2 protein chains.
Amino acid sequence: MNAPSSATTSPAPSVRDAAEAWESLFRAQVAVMRRLQADPAFRGLGIKEYDVLFTLSGCPESGLRLNELNDHVLLAQSSLSRLVERLERKGLVTRRAAPDDARGILITLTEAGRETQRRIGREHVREIARLFGGALDAEELAELKRLTAKLREHVVENHPL
Amino acid sequence: MNAPSSATTSPAPSVRDAAEAWESLFRAQVAVMRRLQADPAFRGLGIKEYDVLFTLSGCPESGLRLNELNDHVLLAQSSLSRLVERLERKGLVTRRAAPDDARGILITLTEAGRETQRRIGREHVREIARLFGGALDAEELAELKRLTAKLREHVVENHPL
DNA sequence: CCAGAGTACATGCATTTGCATCTACTTTGA
DNA sequence: TCAAAGTAGATGCAAATGCATGTACTCTGG
């Protein structure tokens, strides 16, 4: 006997189901990311640098801590530290001591940083739409978003680093 | 008037729908990948190196061309060239001239490479299942796989680099 | 209060990456 | 047929990355 099932309950996933879903998710990410990286919008600023600006743009008034930022980006702590240093040198962000924890650094967008993020963001979003156009309909996009959000949430919640 | 719709036709996605789905997909990938990279399975061999071995393990008898390999991996051509060079030095793959095109290099797993891939792969798959466990049920995993595969296919098909 | 453990970020250094370019081979078209 | 354009992969070099560790601060238990 295999895979017990009923009309209303989805069977527990096998190891294989998870591995295949991950493989597919990962390859899609590679294919899309490769094309996004090639976008002229990222001539002056790498996509990772943009990603940091973007994350800062949608977050608390006062900025983010380095370690919070690090959760969103696939970089070692030291690499992010230096990436932010570069952004500061370019005048796109500021670093100042966190008020409540003297070890912490609070990173904030400068006005120039905010403008740069918006400018690149507009082109970037257009490119995303161009790539996705015709691939999935609105309902499928919503479902993709829901599933990936659920996955991320679960992983973040239940599997600390 | 906005978004014309009927009972059976999903409305055309907005630019925003695509951007949000991508954002969610990407963040999920980051969260999962971060944890996979930390797996002890990748102490001796980086996850990118493993990925190359894995890709080779599931492909034509005779191996893959460097440029074919490059489609699966998020690396510049030159970086992959050197990554493969390292794998060769470790005795995990061999490089030989492609029979039909003297410019090309055919990369093949050695027996050691195949064993290494299997060994790491077993642990890796376990870790994937552990991370995904409880996040999505079998049906949702299948849907996630379907959507990401469709997205990748569309992008690869309609948006050459 | 304080010693020791823990956390946040920075830094030295070796490795990896990407860009630009090079060489060698192949394809195209006049 | 052959010159010009195109493609596959390698390589020099500067930049980015990660690991190990350092410094400075915070938290915890006695």
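Each chain gets a letter, A, B and so on, in the order its sequence line appears, and its residues count up from 1. Computed from a predicted structure; not experimentally measured.
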| Does any N or O in the side chain of A/Arg35 come within less than 3.5 Å of the main-chain N or O of B/His159, such that one atom is a donor and the other an acceptor? | yes

When you check the gap from the basic side-chain N to the acidic O, do [X] and [Y] get nearer than 4.0 Å?
X	Y	value
A/Glu20	A/Arg16	yes
A/Glu115	A/Arg118	no
B/Glu153	B/Lys150	no
B/Glu140	A/Arg146	yes
B/Arg82	B/Glu85	no

| Rounded distance in Å - CG (A/Leu66) to C1' (C/dT7) | 13 Å

| field | Outermost DNA chain D nucleotides near chain B [under 4.0 Å, heavy atoms] | value | D/dG6 to D/dC13

| query | Looking at side-chain heavy atoms only, is the closest gap between A/Gln29 and B/Met33 below 4.5 Å? | reply | no

| Does the side chain of A/Leu45 come within less than 4.5 Å of A/Leu92's, by heavy atoms? | yes

| query | Hey, does the side chain of A/Asn67 come within less than 4.0 Å of C/dT7's phosphate (OP1/OP2), counting only N and O? | reply | no

| said: Within the 4.0 Å limit for protein heavy atoms, which parts of nucleotides 16-24 of chain C are touched? Write it as a string from 5' to 3', B for base, S for sugar-phosphate only, - for none. | reply: SSBB----B

| field | DNA chain C: 5'-proximal contact among A/Glu85 and A/Asp101 (nearest heavy atom) | value | A/Asp101

